[in-house]
Amino acid sequence: MFLKRFASTGTLPPTIRQILASGKDTANNVHVHGWIKSVRRQKNVTFAVVNDGSCASGLQTVLNNSLNANFHGLTNGASVRMTGTIVASPGAGQAQELQVDALEILGECDPDAYPIQKQALTLEYLRDHAHLRPRTDANAAMLRLRNSLVKSLHSFFEVPKTFCSPPSHRSPKATQRQDFCYAHTPILTSSDCEGAGETFRVTPSSTPTSTSEEQSTSPDPHAEFFSKPAYLTVSSQLHLEALASSLARVYTLSPCFRAERSQTNRHLAEFWMLEAEWAWTKEVGDVCGLVEACVKDALGSGREERALLAKGMTGQEEKAKNVETAAASESWARMTYTEAISELEKYHASTASRASPFAFAPKWGYGLQSEHEKWLSEVLVRGPVFVTDYPSTLKPFYMRMNDDERTVACFDLLVPFVGELVGGSLREERLEPLQQRMTSHGLDPAGGEYGWYVDLRRYGSAPHGGFGMGLERLVSWVSGIENVRECIAMPRWAKRMLL
């Protein structure tokens, strides 16, 4: 048997975005693949806009009607391969166009049955057609924006290749990277990091067939697969702390799952979290500082997509201005939880609150409601604000107790039109205070579920801290999209899981 060897470039053909960004006024024998977004037929020529999803703008193509091709299959939604010449466009609306020499319909699309029509489609309709929702301009723009934000976040934490070059050859941006190690943390866990009990239990879909002898010694047919209960993770924090005790600086971007039945525009059952943990930090203000730098670094991403999403969106001008102001501001506001409650109580008791009263009265020792978070960021501060030092009774066991023994060294970053974007804290690195906190939360410090976590305080414990940021909420803030269900490709929430 003879094996033929073929030369390979190891690269794919250029996307439409690459073709449009190449700077070439003309190019011959260009191959374009994509889906038809619109078709306009005239007597001698047909104009079709093709988009492959790589950018917001499609490529206008011009087909002579004498071309020997299947013009009947040239409909909205059809997938095509076109070959031709890139030329300067004489028409308005685009700088270049493709003069088509050859057309191949790769996948036909019945224009009468195609669910993604040109008329306005409701959010609920598109959620019901989540498998086709990325075909819309808005959803595709959101996905590209999300991609840009993820790239920016990774870039912030990691060291670029230029870091290994001599200092004189490094770009100014290279010195701003944080030298974190990206880690993959478990999706399956045996513990509830947040302690809220909002976990998904994981069990096998079927149990193995047992012999009669095995059945006599193990009568339970539903024995745990891992010999203990297993859950989908709600946070990677505890595992990241274990890694940070060796690698010092670690982060991950991974899916999290919470069996939360909230139907608000800020909650999903499956979502993505950026989480980071690092050693040797002693002040909660230092954690806030890194979070601020990280988020600001991401706010410049995806400007083309943000402009497309802004079209036809009510209140978008104010939201976009808020993001731009936040990105350019010297530093974001900070206040303690006690100060925040004081400001909320003043407003609640004032005559000004009559026009827009709180449904829940603010009170020290109680959690901030969504309406409180939005008032602090949108009315009082008019921008992002770090609220620090919450009462210990409101926060999980792992947060470091402050000297007042009433509050913990933590923070929530509140941003306009979203509310809480980031949550973080110093972690309790001292053995005895951690054991006491766990006991007060009804957890066994010596048990198998959290014993390993306590062990980290016995062997070379170091001061450390970290944070978690919901990616969908970041997309929502940057894009102006109100509901996080439109900030992820396949949304899942209580009573609803399509695909």
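Predicted model, so just to flag it, every value in this text is computed and none were measured. Just so you know, residue 1 is the first one in the sequence shown, and it goes up from there. What you see below is based on every heavy atom in this structure, not just the backbone, and it leaves out hydrogens, waters and symmetry mates.
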Do NZ/NE/NH1/NH2 and the carboxylate oxygens of [X] and [Y] come within less than 4.0 Å?
{"X": "R427", "Y": "E277", "result": "yes"}
{"X": "E339", "Y": "R334", "result": "no"}
{"X": "K319", "Y": "E482", "result": "yes"}
{"X": "E324", "Y": "R306", "result": "yes"}

### Query
With K118, which residues qualify under side-chain contact (heavy atoms from CB on, under 4.5 Å), at least two apart?
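K118: side-chain contact (heavy atoms from CB on, under 4.5 Å) contacts with S38, N76.
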### Task
Taking side-chain contact (heavy atoms from CB on, under 4.5 Å) as the test, write out the residues that go with E472, two or more places apart.
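Scan of E472 (side-chain contact (heavy atoms from CB on, under 4.5 Å), adjacent residues dropped) gives R146, L268, F271, W272, V484, C487, I488.
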### Query
Who are the ring pair (Phe, Tyr, Trp, His ring centres under 6.0 Å) partners of Y347, not counting sequence neighbours?
F358, W375
Any donor-acceptor N or O pair under 3.5 Å, side chains [X], [Y]:
{"X": "S262", "Y": "E260", "result": "yes"}
{"X": "S236", "Y": "S254", "result": "yes"}
{"X": "N402", "Y": "T407", "result": "yes"}

### Query
Would you call the rings of H184 and Y182 parallel, tilted or perpendicular, where under 30° means parallel and over 60° means perpendicular?
perpendicular
### Message
Can you classify the ring geometry of Y251 versus F157 as parallel (below 30°), tilted (30 to 60°) or perpendicular (above 60°)?
### Response
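Ring orientation, 0 to 90° scale: parallel.
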### Message
Run the side chain to side chain donor-acceptor pair (under 3.5 Å) test against K374 and tell me which residues pass, sequence neighbours left out.
### Response
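With sequence neighbours excluded, K374 shows a side chain to side chain donor-acceptor pair (under 3.5 Å) to no residue whatsoever.
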Heavy-atom side-chain contact between [X] and [Y] under 4.5 Å:
{"X": "M469", "Y": "V291", "result": "no"}
{"X": "S392", "Y": "R437", "result": "yes"}
{"X": "C256", "Y": "E275", "result": "yes"}
{"X": "P491", "Y": "R133", "result": "yes"}

### Shortest non-hydrogen separation from A183 to L243 and the atoms involved
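So the two residues come closest at CB-CD1, 3.6 Å.
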### Query
Can you pull the salt bridge (charged side-chain N to carboxylate O under 4.0 Å, His left out) pairs that have at least one residue in residues 379-399, sequence neighbours excluded?
K395-D412
### Message
Per the salt bridge (charged side-chain N to carboxylate O under 4.0 Å, His left out) rule, what does the pair list look like for residues 230-254, sequence neighbours excluded?
### Response
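As it turns out, the salt bridge (charged side-chain N to carboxylate O under 4.0 Å, His left out) pairs with a partner in residues 230-254, which skip direct neighbours, are E241-R457.
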### Task
Give a yes or no on whether Y125 atom OH has more than 12 heavy-atom contacts from other residues, nucleotides or ligands under 6.0 Å away.
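Enclosed: over 12 neighbouring heavy atoms sit under 6.0 Å from OH of Y125.
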